[in-house]
Amino acid sequence: MSNYHIKHLEEYFQVYRKSVRNPEAFWEEVAEEHFFWRKRWDSVLEWDFTKPEIKWFDGAQLNITENCIDRHLRSRGDKTAILFEPNDPKEEAQHITYHDLHERVCKFANVLKDQGVKKGDRVVIYLPMIPELAVSVLACARIGAIHSVVFAGFSSTALATRINDCEAKIVITSDGSFRGNKTIDLKGIVDEALKQCPGIGSVLVAKRTGAKIDMMEGRDHWLQPLLDKAYADCVPEIMEAEDPLFILYTSGSTGRPKGMMHTTAGYMVYTAYTFKNAFQYREDDIYWCTADIGWITGHSYIVYGPLVNGATTVMFEGVPSYPDFGRFWEVVEKHKVTQFYTAPTAIRALAKENLDFVTKYDLSSLKVLGTVGEPINEEAWHWYNDHVGDKKCPIVDTWWQTETGGILISPIPFSTPTKPTYATLPMPGVQPALMDENGKEIKGNQVDGRLCIKFPWPSIARTIWGDHQRYKDTYFSAFEGKYFTGDGALRDEVGYYRITGRVDDVIIVSGHNLGTAPIEDAINEHPAVAESAIVGFPHDVKGNALYGYVILKETGESRDRDNLKKEINQMITEHIGPIAKLDKIQFVPGLPKTRSGKIMRRILRKIASKETDNLGDISTLLNPEVVEQIIEESL
Ligand code: 6R9
């Protein structure tokens with residue numbers, strides 16, 4: 001029996017039991033059967049969650065791009081690897097075969113080398129969803145450079161923080177990007193960011209919109225002429241199993257973003273394995289994940305997982321509402337998509353529109369539907385199931401994180417019976433635990449607690465770039481010897497997991513993780529603001545929206561409130577990006593605080609959600625009188 005493709009529930013349980021009884025033997029068998037190694041590992045796993053230190057397949061040598069590309073050339077050279085669907089439906093889709101991809105990645109890799117990029121150097125990629133994004137990621141991996149993709153919706157300040165944090169040498173960007181009927185001046189944002197980034201020696205610019213942009217002599221280079229001159233083959237750099245593959249930033253509950261560092265071998269094995277199983281991918285399927293490669297979902301399940309499996313992966317440049325709300329379904333019909341993977345926020349937005357946008361397209365090619373990014377509510381789940389899947393396609397509600405590298409809890413389609421709002425069962429090799437507030441594991445079923453993982457899986461992030469102590473404090477200190485996810489979960493009577501949401505100060509808005517601290521820091525920079533607190537409140541499309549409580553300085557009291565609100569959102573847009581804008585801003589005389597000076601966000605959350613009947617005991621607050629006033633003036 002091969003461990004690689006699970007076909008029914010009994011088999012899942014068999015494989016699962018085997019995987020936890022002897023995880024090393026399990027992953028060794030997977031690694032042996034399905035990948036191309038330059039040298040075999042000396043040991044499968046070494047780990048110590050107290051340090052924490054985790055090594056998978058130590059001693060092995062490989063290059064992930066040989067697994068993603070070269071090894072498919074003989075059997076699948078003319079098969080489409082990347083199917084690029086442009087923003088404008090009138091522009092023709094591009095079918096990039098494995099042969100084409102090989103050539104494009106090799107040329108790009110040679111351009112990077114010419115720019116002086118070497119193994120271990122950091123390359124920041126700030127590109128829209130165009131083929132160059134996937135190609136540049138793979139080109140970095142080809143030469144052993146560490147890519148750090150920054151989502152092209154982030155502001156210049158956010159970009160600069162990330163460039164400086166990982167001490168990148170070079171930035172890859174484009175002249176602009178198309179999103180719906182908007183064009184965005186990405187190069188302008190990069191120019192602004194680079195004023196604060198002395199370490200950047202060169203910028204490679206892909207042409208997309210044709211907009212007129214400034215090119216700084218000696219620093220900025222158009223990409224295409226360099227590619228045209230580059231040699232079409234590039235010998236892959238031989239990487240150690242634990243050499244870094246990429247850094248990807250995620251929001252934390254405090255201060256600076258965390259550069260999650262992923263390494264090569266374990267990440268490859270795990271994303272390939274979970275891609276195959278969670279989507280029941282078969283040769284000739286057309287798989288489409290609508291995420292952006294700027295997020296972990298795009299890294300693992302648009303680029304690496306699908307390509308290691310030799311799949312055809314769709315890359316979509318546009319948005320679900322352009323030219324109208326039928327765009328996703330038009331693309332599904334056009335390319336005969338078989339697996340479709342998106343976020344609950346997109347489903348909720350589309351479910352609000354006329355059903356004709358869905359019914360007018362032939363969606364019969366679909367076999368499996370997926371969701372990721374936040375809990376999916378029951379209504380959205382049923383709409384997806386009824387109208388997109390025609391009740392025939394299992395929905396895989398996949399729970400995982402930037403830190404986990406790959407899917408940890410998810411149904412296996414056609415094996416695990418689905419249950420709305422439940423991510424159901426752990427992937428093979430994944431050992432979840434629910435913990436109570438005193439740090440004790442809660443055994444049995446029909447219980448809820450804080451979600452931890454007891455044992456390493458191959459794609460767990462190895463550190464926070466440049467700050468191992470923070471990695472330890474954030475993930476391995478709350479519960480001794482366990483990885484703490486930051487999420488709460490419940491386990492039902494049959495052992496299915498349902499993720500109930502974050503238990504820390506991270507708020508998920510439209511599937512994007514936003515830490516409260518960086519937003520508050522941005523607001524507090526406004527000269528009229530003394531202090532602020534951000535909480536989430538339920539929103540029918542975005543899942544959560546942001547509610548800001550702001551204390552003004554005396555100098556701000558006389559200012560026009562509507563203008564102030566605009567300026568505050570402008571500050572946020574500049575520091576983080578438009579995704580972090582506040583839906584509601586309330587000016588308050590004070591914030592409820594504990595005697596030790598901590599803001600009682602629990603109370604602010606209830607007020608924002610209009611659940612003020614049961615605020616709990618507020619008498620221990622430093623300033624209970626402020627609560628009444630905030631409630632009276634709440635929006
Ligand atoms: C892959 C990704 C991670 C956080 C995670 C959790 C939430 C993701 C979910 C889900 C409920 C799901 N989350 N998938 N919550 N059900 N299926 O989204 O990574 O951006 O790091 O977010 O997203 O709260 O902790 P990332």
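Order of listing sets the numbers, starting from 1, for every ligand and every atom in it. This structure is a prediction, so every number in the text was calculated from the model and none was measured. Hydrogens, waters and symmetry mates play no part in the numbers below; they use all other heavy atoms, side chains included. Numbers for residues simply follow the sequence, beginning at 1.
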**Message:** Check for me whether W295 has a heavy atom closer than 4.0 Å to any atom of ligand 1.
**Reply:** no
**Prompt:** Taking C-beta and beyond as the side chain, do V308 and T271 meet within less than 4.5 Å on heavy atoms?
**Reply:** no
**Message:** Test of understanding: given a 4.0 Å heavy-atom threshold, classify the contact between D487 and ligand 1 as side chain, backbone, both, or neither.
**Reply:** side chain
**Request:** Assess G373 for proximity to ligand 1: is some non-hydrogen atom of it under 4.0 Å away?
**Result:** yes
**ligand 1-proximal atoms of Q401, by part, heavy-atom distance under 4.0 Å** = both
**Request:** Indicate yes or no: does K419 engage D492 in a salt bridge with an N to O separation below 4.0 Å.
**Result:** yes
**Message:** Within the 4.0 Å heavy-atom shell around I296, which atoms of ligand 1 are there?
**Reply:** 1 (C), 19 (O)
**Residue part near ligand 1, for T297, under 4.0 Å between non-hydrogen atoms** = side chain
**Asked** For Y267 and S300, does a side-chain donor sit closer than 3.5 Å to a side-chain acceptor?
**Response** yes
**Message:** Among D397, T250, N513, T402, which one puts a heavy atom closest to atom 19 (O) of ligand 1?
**Reply:** T402
**Asked** Can the ring centroids of F151 and W295 be said to lie less than 6.0 angstrom from one another?
**Response** yes
**Asked** Between the side chains of D397 and W381, is a donor N or O closer than 3.5 angstrom to an acceptor N or O?
**Response** no
**Prompt:** When you measure from atom 4 (C) of ligand 1 to every protein heavy atom, which one gives the shortest distance, and what is it?
**Reply:** I508 CD1, 3.7 Å
**Residues E379 and R348 bridged, charged N to O under 4.0 Å** = no
**Message:** For R327, is there an ion pair with E85 - N to carboxylate O distance below 4.0 angstrom?
**Reply:** yes
**Request:** For ligand 1, note which part of R502 has a heavy atom under 4.0 Å away: side chain, backbone, both or neither.
**Result:** side chain
**Prompt:** Less than 4.0 Å between a side-chain N and a carboxylate O, is that true for R256 and D467?
**Reply:** yes
**Request:** List the closest protein heavy-atom neighbour of atom 3 (C) of ligand 1: residue, atom name, distance to the nearest 0.1 Å.
**Result:** W400 O, 3.6 Å
**Asked** Judged by modelled atom types alone, do S410 and T398 share a side-chain donor-acceptor pair under 3.5 Å?
**Response** no
**Message:** So, regarding T371 and ligand 1 (criterion: nitrogen or oxygen to nitrogen or oxygen, under 3.5 Å), is there a contact or not?
**Reply:** no
**Request:** Please write down residue, atom name and distance for the protein heavy atom closest to atom 16 (N) of ligand 1.
**Result:** E374 O, 3.4 Å
**Asked** Which one holds for T398 and ligand 1: side chain close, backbone close, both close, or neither close, with close meaning a heavy atom under 4.0 Å?
**Response** backbone
